[in-house]
Visitor: 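Got a structure here, written out as structure tokens. Questions coming.
In the text below, chain A, chain B and the rest are named by the order of the sequence lines, each starting its count at 1. Predicted model, so just to flag it, every value in this text is computed and none were measured.
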Protein chains: 2
Amino acid sequence: MALEHAILVSLAERSASGYELARRFDASIGNFWRASHQQIYKVLGRMEADGLVESRLVAQDHRPDKKVYALTEAGRDELRRFAVSPTPPEVLRSEFAVKLRALPFADRETTVADVRRRRQQHVEKLSYYEESAARFYPDPSAVADDELGAWLVLRGGLLAEQGGITWCDEILAALTGGNATPAPRSPARTGRRRSP
Amino acid sequence: MALEHAILVSLAERSASGYELARRFDASIGNFWRASHQQIYKVLGRMEADGLVESRLVAQDHRPDKKVYALTEAGRDELRRFAVSPTPPEVLRSEFAVKLRALPFADRETTVADVRRRRQQHVEKLSYYEESAARFYPDPSAVADDELGAWLVLRGGLLAEQGGITWCDEILAALTGGNATPAPRSPARTGRRRSP
DNA sequence: AGGAGCATGTAACTAGTTACATGATTGT
DNA sequence: ACAATCATGTAACTAGTTACATGCTCCT
């Protein structure tokens with residue numbers, strides 16, 4: 001179960017309360033692994049029972065107390081074990097692909113509008129990644145060793161969004177006959193177009 | 001819940017028993033939506049109770065009877081509703097990305113070997129998609145209307161695998177100093193490439 | 001004799017989602 | 001006065017996984 005490992009990784013970078021973890025899962029880590037606060041609290045409870053993390057209560061001024069979780073030695077061990085375990089091939093699970101297969105049941109205009117919306121989402125996410133990259137890693141040839149993982153993940157996100165845009169452009173070309181969106185970011189042509 | 005819709009799509013293409021559906025989910029549809037036979041039987045049961053599908057028992061020679069499921073009119077309605085519903089943005093969930101973040105807890109050789117294995121898996125899947133494309137759609141400029149969805153999904157799979165290979169190459173370059181794998185299939189530079 | 005394929009499921013469990021619940025502080 | 005942020009959870013449910021169970025036929 002990978003949420004456990006995502007939490008271990010996050011806590012290894014910096015100890016945090018459940019709430020703080022939940023916010024990380026809305027942002028940085030959340031770009032490749034989502035989790036709700038409810039789920040995080042649940043898993044943290046189990047992880048503490050299993051001895052992977054330990055908590056201490058921290059009182060705060062003008063704010064509720066918080067329970068700050070930190071890795072235990074067992075947690076660090078588990079993280080090491082995980083880090084060197086072989087990665088099982090990931091199965092992609094795309095509701096969008098299911099919908100493409102349902103094309104004959106939709107009308108073209110609705111589908112085209114939906115794909116354009118989806119493309120726009122990819123473009124926005126891509127800009128967000130590009131801004132992050134420019135801000136945090138202005139010189140990609142000199143990424144520090146302890147930032148390498150985060151940098152590579154960011155690169156993966158970037159590549160995925162670019163791929164998503166290319167896919168949308170191909171779909172739009174196929175659905176509209178090839179003269180649809182100008183597609184400024186990615187040329188999107190692989191040679192096949194269905195022109196009338 | 002998208003398994004339901006994947007089943008509707010599959011049954012719309014051709015009526016089938018649970019067993020046959022399970023095999024489709026091991027192959028074609030399974031490339032973008034996995035499901036075990038247990039899960040399929042369970043969901044089929046519910047869908048029949050909900051009136052989306054109906055079954056009839058078919059006796060066979062030298063083989064167990066089978067229950068062949070077909071869409072009902074309500075099922076077709078639901079499929080139409082689904083086909084025109086807006087696609088929620090998909091969250092990618094990558095255990096591999098979590099592992100990249102855990103890089104400081106692994107040793108480099110193990111990671112490099114793991115990434116190479118992963119790259120190889122992408123290459124194999126890509127060849128498989130390319131073979132499928134060559135076999136079923138020898139002329140991409142003339143894909144029939146009723147095949148368009150399947151073709152576009154195949155294109156998406158292809159793009160995803162190519163992206164995965166590019167990502168692996170970047171990771172290997174970062175981990176080994178840039179002179180690692182020859183990377184015949186994808187040049188792997190910083191993402192934007194355009195070959196003739 | 002043994003394994004693969006055909007065919008259907010149940011039971012127990014884990015993971016994740018949605019809805020609900022509480023209560024203080026800070027900003028508009 | 002109302003919403004947002006901080007902070008922690010419980011309860012009910014849905015989706016998916018893993019293990020188990022049965023029995024027939026065809027091939028080697």
Visitor: Among D:dA12, D:dT8, C:dG23, which is the nearest nucleotide to the side chain of A:Lys67?
Guide: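 Out of D:dA12, D:dT8, C:dG23, the nucleotide with an atom closest to A:Lys67's side chain is D:dT8.
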Visitor: Whole angstroms only, please: what is the CD-P distance between A:Gln39 and D:dC13?
Guide: 18 Å
Visitor: Using atom CG of B:Asp65 as one end and atom P of C:dC6 as the other, report the distance to the nearest whole Å.
Guide: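 Rounding to the nearest Å, CG of B:Asp65 and P of C:dC6 are 16 Å apart.
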Visitor: Considering heavy-atom distances to DNA chain C, does B:Tyr41 or A:Ser36 have its closest nucleotide positioned more toward the 5' end?
Guide: B:Tyr41
Visitor: Does anything in residues 84-130 of chain A pair up under ring-ring contact (aromatic ring centres under 6.0 Å, His included), and if so which pairs, sequence neighbours excluded?
Guide: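 Sorted pair list: A:Phe96-A:Trp167.
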Visitor: Rounded to whole Å, how long is the line connecting atom CZ of A:Arg93 with atom P of D:dA15?
Guide: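 Checked: the CZ to P distance equals 12 Å.
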Visitor: Nearest to the side chain of A:Lys42, which nucleotide is it out of D:dA12, C:dT8, C:dT18?
Guide: D:dA12
Visitor: May I ask you to decide whether B:Lys66 forms a salt bridge with B:Glu20, counting only side-chain N to carboxylate O separations under 4.0 Å?
Guide: yes
Visitor: When the distance from CE of A:Met1 to P of C:dG16 is rounded to whole Å, what number comes out?
Guide: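 Between P of C:dG16 and CE of A:Met1: 8 Å.
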Visitor: Which residues within residues 16-35 of chain B lie with some heavy atom under 4.0 Å of an atom in DNA chain C?
Guide: B:Ser17, B:Gly18, B:Tyr19, B:Arg23
Visitor: Roughly how many Å is it from CD1 in A:Ile40 to C1' in C:dT17, rounded to a whole number?
Guide: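 The answer, rounded to whole Å, is 13 Å.
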Visitor: Nearest to the B:Gln60 side chain among C:dA7, C:dT10, D:dT8, which nucleotide is it?
Guide: C:dA7
Visitor: State plainly whether the residues B:Arg118 and A:Glu90 are in salt-bridge range, i.e. N to O under 4.0 Å.
Guide: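 The answer is yes: the pair qualifies as a salt bridge.
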Visitor: Given atom CG of B:Asp61 and atom P of C:dA7, what is their separation to the nearest angstrom?
Guide: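 Atom CG in B:Asp61 sits about 12 Å away from atom P in C:dA7.
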Visitor: Once you round it to whole Å, what is the distance between P of C:dA21 and CD of A:Gln38?
Guide: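 My rounded result for the distance is 14 Å.
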Visitor: Verify the distance criterion only: is there a donor paired with an acceptor across the side chains of B:Ser85 and A:Lys99 at less than 3.5 Å?
Guide: yes
Visitor: Between A:Val84 and B:Thr110, which heavy-atom pair has the shortest distance, and what is it?
Guide: O-CG2, 3.6 Å
Visitor: Of all the choices, C:dT18, C:dG16, D:dC26, which nucleotide is nearest to the side chain of B:His62 once you look at every atom?
Guide: D:dC26
Visitor: Both B:Lys66 and A:Arg46 contact DNA chain C. Taking the nearest nucleotide for each, which residue is further toward the 5' end?
Guide: B:Lys66
Visitor: Whole angstroms only, please: what is the CD-P distance between A:Glu95 and D:dA15?
Guide: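 After rounding, the reported distance stands at 12 Å.
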Visitor: Select one nucleotide: of D:dG16, C:dG23, C:dA7, the one nearest the side-chain heavy atoms of B:Arg63.
Guide: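 Out of D:dG16, C:dG23, C:dA7, the nucleotide with an atom closest to B:Arg63's side chain is C:dA7.
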Visitor: Is the closest basic N to carboxylate O distance between B:Arg80 and B:Asp77 below 4.0 Å?
Guide: yes
Visitor: Side chain of B:His37, heavy atoms from C-beta onward: which of D:dT10, D:dT17, C:dT8 has the nearest atom to it?
Guide: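 Of all the options, the side chain of B:His37 is nearest to C:dT8.
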Visitor: Decide, yes or no, whether a salt bridge links A:Glu13 with A:Arg24 under the criterion of side-chain N to carboxylate O below 4.0 Å.
Guide: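 A:Arg24 and A:Glu13: not salt-bridged.
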